[in-house]
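In this text the structure is predicted, and so the values were computed from the model without any measurement. Read the numbers this way: they start at 1 and go in the same order the structure lists the ligands and their atoms. The analysis underlying the following values was restricted to heavy atoms, covering all of them including side chains, and did not include hydrogens, waters or symmetry mates.
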Amino acid sequence: MKFEVLTIFPEIIECYIKHGVLGKALNKGIVEVKVYNLRDFTSDKHKKVDDYPYGGGAGMVMQIEPFYNAIMHLKADEKPRKLVLLSPQGRKFTQKLAQKFMEESKAMVLICGRYEGIDERVKAFVDEEVSIGDYVLSGGELAALVIIDSVVRLIPGALGDELSAVEDSFMKGFLDYPHYTRPEDFKGMKVPEVLLSGDHKKIALWRKRQALKNTLKNRPDLLKNLSPEDMRILKELC
Ligand SMILES: Nc1cc(-c2ccc3ccn(Cc4ccccn4)c3c2)[nH]n1
């Protein structure tokens with residue numbers, strides 16, 4: 001999987017991708033990330049990327065020309081790629097959409113704006129407009145990193161532990177169970193006995209109950225299409 005990121009702050013992307021799962025996936029060659037500075041696609045000596053909005057209003061708007069020049073530069077190799085514009089107005093990004101991107105795209109271009117947004121005409125050159133949530137960020141870079149991180153985790157071999165991606169919460173339709181590690185007793189805060197029992201069946205049931213309890217409390221909207229067994233456990237909790 002190859003990601004190409006268009007941004008005026010390449011260092012935001014370059015710094016984040018060096019670490020953790022993403023850094024390992026890059027070193028393994030499972031994923032490639034290439035970052036392009038939109039200022040390199042300007043035609044004036046000041047490398048200007050923004051201007052005042054037509055119709056007035058606060059703030060500045062990013063001009064179409066650097067985006068157009070960068071997109072045409074990428075398309076010159078005629079390789080297929082999905083062009084995704086990050087914006088507060090886009091379709092909601094979910095684990096399901098991450099899975100779809102991973103399955104359907106060999107290469108993605110993530111287009112990051114700043115200021116008050118970008119010239120609407122850029123949308124004529126993109127495939128998808130995506131929002132990572134109902135809040136306004138200062139630019140598209142964090143949203144692009146969320147997409148890269150969540151898609152890479154789904155690539156077989158990226159995590160080094162196949163179960164992790166499958167077991168990640170949201171994949172199963174409810175939140176994760178609580179996690180504990182050493183010490184057993186921290187200032188009187190003890191690890192639940194069941195987790196020390198070695199009884200894997202009991203542990204699995206305890207984890208499922210806890211996951212359903214957490215989901216019922218914090219994200220009841222996720223509780224759809226439960227199996228009869230999960231529904232039975234949920235009813236016990238109510
Ligand atoms: N889920 C998301 C995505 C974004 C996002 C993505 C790209 C840009 C480019 C500029 N801004 C700032 C901005 C401020 C005011 C109104 C519009 N946009 C962005 C914000 N916010 N929240």
Undergrad: What atoms of ligand 1 come within less than 4.0 Å of a heavy atom belonging to Tyr115?
TA: 10 (C), 11 (N), 12 (C), 13 (C), 14 (C)
Undergrad: With a cut-off of 4.0 Å, which atoms of ligand 1 are near a heavy atom of Val136?
TA: 13 (C), 14 (C), 15 (C), 21 (N), 22 (N)
Undergrad: Relative to the heavy atoms of Leu86, which atoms of ligand 1 are at a distance of less than 4.0 Å?
TA: 6 (C), 7 (C)
Undergrad: Does NZ in Lys123 sit with more than 12 non-hydrogen atoms of other residues, nucleotides or ligands closer than 6.0 Å?
TA: yes
Undergrad: For His200, look at atom NE2 and say whether over 12 heavy atoms of other residues, nucleotides or ligands are found less than 6.0 Å away.
TA: no
Undergrad: Would you say Phe125 and Leu74 are hydrophobically clustered, going by side-chain heavy atoms of ILVMFWY under 4.5 Å?
TA: yes
Undergrad: Give the single entry among Ala143, Gly113, Ser138, Pro88 that approaches atom 18 (N) of ligand 1 most closely by any heavy atom.
TA: Pro88
Undergrad: Using the six-membered ring wherever Trp is involved, compare the ring planes of His73 and Tyr36 and label them parallel, tilted or perpendicular (cut-offs 30° and 60°).
TA: perpendicular
Undergrad: Considering only heavy atoms of Gly140, which atoms of ligand 1 have at least one such atom less than 4.0 Å away?
TA: 6 (C), 7 (C), 8 (C)
Undergrad: Hydrophobic clustering (ILVMFWY, side-chain heavy atoms < 4.5 Å, transitive) - are Leu195 and Tyr177 grouped together?
TA: no
Undergrad: At a 4.0 Å threshold, what atoms of ligand 1 neighbour a non-hydrogen atom of Ser131?
TA: 1 (N)
Undergrad: Going only through I, L, V, M, F, W and Y residues with side-chain contacts under 4.5 Å, is there a path from Ile118 to Tyr52?
TA: yes
Undergrad: Once you restrict to heavy atoms under 4.0 Å, what part of Ser87 touches ligand 1? Side chain, backbone, both or neither.
TA: backbone
Undergrad: Answer yes or no: are there more than 12 heavy-atom neighbours, outside Arg182 itself, under 6.0 Å from its atom CZ?
TA: no
Undergrad: CD of Glu184: more than 12 outside heavy atoms within 6.0 angstrom?
TA: no
Undergrad: Which ligand 1 atoms are under 4.0 Å away from a heavy-atom of Tyr135?
TA: 1 (N), 2 (C), 21 (N), 22 (N)
Undergrad: Any idea which part of Arg114 is under 4.0 Å from ligand 1, heavy-atom wise: side chain, backbone, both or neither?
TA: backbone
Undergrad: Run down the list Leu137, Val146, Val61, Leu85 and name the one with the heavy atom closest to atom 20 (C) of ligand 1.
TA: Leu137
Undergrad: In the protein, what heavy atom is nearest to atom 19 (C) of ligand 1, and what distance, to one decimal place, separates them?
TA: Gly139 CA, 3.7 Å
Undergrad: Closest non-hydrogen protein atom to atom 16 (C) of ligand 1, residue and atom name please, with distance?
TA: Glu116 O, 4.0 Å
Undergrad: Taking atom CG of Asn225 as the centre, does the number of heavy atoms from other residues, nucleotides or ligands within less than 6.0 Å exceed 12?
TA: no
Undergrad: Show the atoms of ligand 1 that are less than 4.0 angstrom away from any heavy atom in Gly133.
TA: 1 (N)
